[in-house]
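We count ligands from 1, going down the list as the structure has it; atoms in each ligand are counted the same way. Just so it is clear, the model here is predicted, and its values are computed rather than measured.
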Amino acid sequence: MSNVYIVDTTLRDGEQTAGVVFANEEKVQIAKMLAELGVYQIEAGIPTMGGDEKEAIKKICKLNLGVSIMGWNRAVIKDIEESIDCGVDAVAISISTSDIHIKHKLKKDRDWVLKSMVVATKFAKKHNLYVSVNAEDASRSDMDFLIKFAKEAKEAGADRLRYCDTVGMMEPFSIYEHIRRIIDEVGIDVEMHTHNDFGLATANTLAGIKAGAKYAGVTVNGLGERAGNAALEEVVMALKYIYKNDLGIKTNLLKEVCEYVAKASGRVLPLSKTIVGHNVFAHESGIHTDGVLKDSKTYESFSPEEVGLQRQILIGKHSGRNAIVAKFKEYDIDLTPEQAEEILKRVRSLSVQLKRSLFDKELIYLYNEMREEKIKDVNLQNNI
Ligand SMILES: CC(=O)SCCNC(=O)CCNC(=O)[C@H](O)C(C)(C)COP(=O)(O)OP(=O)(O)OC[C@H]1O[C@@H](n2cnc3c(N)ncnc32)[C@H](O)[C@@H]1OP(=O)(O)O
Ligand SMILES: O=C(O)CCC(=O)C(=O)O
């Protein structure tokens with residue numbers, strides 16, 4: 001697998017999540033964090049919107065973060081002029097390639113699409129910008145037309161083609177075929193931009209990469225239109241651990257970045273959010289905790305510290321003896337096997353009553369309760 005570059009669009013597609021707005025300072029802070037994380041390119045927003053959006057993009061450009069800053073544009077010269085005015089070094093030039101979009105949204109025809117894209121691309125190249133030509137709704141486009149579009153984009157000077165699965169209608173096997181065909185027939189660099197409508201955004205991005213796409217367009221926490229985009233944290237970690245392709249991203253910062261974006265977007269991270277959820281390294285089941293306590297690799301794909309998290313061993317209804325023994329050891333209490341068995345019974349009963357796992361102080365309470373009962377029993381037996 002060749003090198004893969006992360007293109008983060010949290011500040012563009014991520015902010016397009018219905019109802020999400022980043023304050024300008026938050027946009028700047030997110031850009032700084034993404035640069036620190038080590039992404040290749042930040043799609044910072046849509047300059048032609050003007051106002052705050054343009055101000056924030058200008059500020060991000062002025063920071064000289066050492067990463068490429070891209071502005072998003074329609075295939076419209078005025079849009080690109082606004083991008084240039086912001087000081088970006090790269091532009092995304094977007095236009096729909098599917099007949100559904102061309103006919104019903106743009107109300108134009110295929111020739112108009114090709115012409116608008118070529119004119120916009122040549123204009124951007126004349127201004128020494130890096131150009132990604134974005135085929136919106138590529139996945140629902142006629143493949144022969146998409147190939148023609150990609151060829152003309154390349155001839156006009158485009159540096160890459162963004163393949164957009166705009167409504168998230170693809171699955172990995174077909175997307176692999178599409179991307180292979182584009183690369184084989186056009187020989188252009190491809191960026192994957194996938195949406196999560198069927199929960200396949202990350203899988204589809206990985207399939208595209210496997211087919212030879214060099215760029216992965218992602219968002220932090222998978223923010224984005226409707227069900228969102230492929231999540232940065234998922235793609236980076238899957239590439240590292242499933243495909244053995246370490247992109248050099250500072251993954252130990254992931255938790256912090258994801259938490260920040262969650263807060264700024266007002267979209268709380270679910271406890272079991274992939275990669276960075278608070279509970280994705282929490283173990284309760286007896287067989288799992290026993291395994292993890294012996295060797296964490298038995299039930300973890302990578303160590304929690306790698307993404308800025310910590311392992312948690314919870315004690316609850318599904319716990320086993322070994323976890324109970326280990327937990328009390330943390331408090332310098334060496335349980336006998338019989339004591340561990342007895343406490344486990346009490347843990348199960350209390351967990352069912354409370355419908356949750358137990359806090360450490362509740363465990364100590366159960367331990368004291370058990371000891372007091374034992375003392376009472378002995379006293380009774382001795383008639384004291
Ligand atoms: C799949 C995606 O994520 S695409 C990105 C979507 N993001 C956004 O829309 C967020 C920011 N958008 C905006 O601020 C505004 O929509 C703007 C500034 C881009 C345009 O605003 P307005 O001029 O008010 O137009 P409006 O949004 O109502 O309609 C879009 C127009 O752009 C046209 N258009 C849409 N996509 C493209 C394109 N890729 N290239 C050229 N024209 C396009 C539409 O046909 C429509 O034109 P019409 O007015 O002649 O019918
Ligand atoms: O990136 C683009 O230009 C297209 C917009 C988009 O987000 C998409 O098609 O999913």
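- In this structure, CG on Asn229 lies 8.5 Å from CG on Leu223, to the nearest 0.5 angstrom.
- Note: Tyr163 and His178 have perpendicular aromatic rings, judged against thresholds of 30 and 60 degrees for the angle between ring planes.
- For the side-chain hydrogen bond (donor to acceptor under 3.5 Å, both in side chains) criterion with Glu136, the lone passing option out of Lys105, Arg162, Arg74 is Lys105.
- Taking only non-hydrogen atoms, the option from Val76, Ile102, Asn229, Thr9 nearest to atom 41 (C) of ligand 1 is Val76.
- Each of His193, Glu15, Glu43 was checked for a side-chain hydrogen bond (donor to acceptor under 3.5 Å, both in side chains) with Thr9, and the lone residue meeting it is Glu43.
- With no hydrogens or angles considered, a side-chain donor-acceptor pair links Tyr241 and Glu306 at under 3.5 Å.
- Around ligand 2 you find Arg12, Asp13, Trp72, Ser94, Asn134, Glu136, Arg162, Cys164, Thr166, His193, His195, each with a heavy-atom distance below 4.0 Å.
- Applying the 4.0 Å criterion to heavy atoms of Ser94 picks out, from ligand 1, the atoms 38 (C), 39 (N), 40 (N).
- Between the side chains of Ser94 and Asn134, no donor-acceptor pair of N or O atoms lies under 3.5 Å.
- Atoms of ligand 1 lying under 4.0 Å from at least one heavy atom of Lys105, given by number and element, are 36 (N), 45 (O).
- Judged by the shortest distance from any of its heavy atoms, Arg12 lies inside the 4.0 Å radius around the atoms of ligand 1.
- The shortest separation from a heavy atom of Asp13 to ligand 1 is not under 4.0 Å, leaving the residue out of contact.
- Of the candidates Arg74, Lys107, Glu53, the one placing a heavy atom closest to atom 17 (C) of ligand 1 is Arg74.
- Proximity of atom 34 (N) of ligand 1 to the protein is indicated by at least one non-hydrogen atom lying closer than 4.0 angstrom.
- For the salt bridge (Lys or Arg N to Asp or Glu O under 4.0 Å) condition, the pairs that include at least one residue of residues 119-131, sequence neighbours left out, are Lys125-Asp159.
- In this structure, atom 1 (C) of ligand 1 has protein heavy atoms in its sub-4.0 angstrom surroundings.
- Remark: atom 14 (O) of ligand 1 lies closer than 4.0 Å to at least one protein heavy atom.
- In this structure, the ring of Phe359 has its center no less than 6.0 angstrom from the ring center of Tyr365.
- Short contacts between ligand 1 and Ile46, defined as distances under 4.0 Å to a heavy atom of the residue, involve ligand atoms 7 (N), 10 (C), 11 (C).
- When distances from atom 50 (O) of ligand 1 to the protein are checked, no heavy atom turns up under 4.0 Å.
- With 3.5 Å as the limit, one finds no donor-acceptor pair spanning the side chains of Asp99 and His104.
- The closest side-chain donor-acceptor pair between Asn279 and Ser272, if any, does not fall under 3.5 angstrom.
- For atom 10 (C) of ligand 1, the nearest protein heavy atom lies under 4.0 Å away.
- By the definition of a contact as any protein heavy atom under 4.0 Å away, atom 27 (O) of ligand 1 is not in contact.
- Thr219 and Asp13 share no donor-acceptor pair across their side chains, judged by distance under 3.5 Å alone.
- Under 3.5 Å, the side chains of Glu300 and His283 contain a donor-acceptor pair of N or O atoms.
- Inside a 4.0 Å radius of atom 39 (N) of ligand 1 there is at least one protein heavy atom.
- At the shortest separation from atom 4 (S) of ligand 1 among protein heavy atoms lies Trp72 CZ2, 3.6 Å.
- Of all atoms in ligand 1, numbered sequentially from 1 with element shown, those under 4.0 Å from a heavy atom of Ala75 are 40 (N).
- Atoms of ligand 1 found under 4.0 Å from any heavy atom of Glu136, numbered from 1 in the order shown, are 1 (C).
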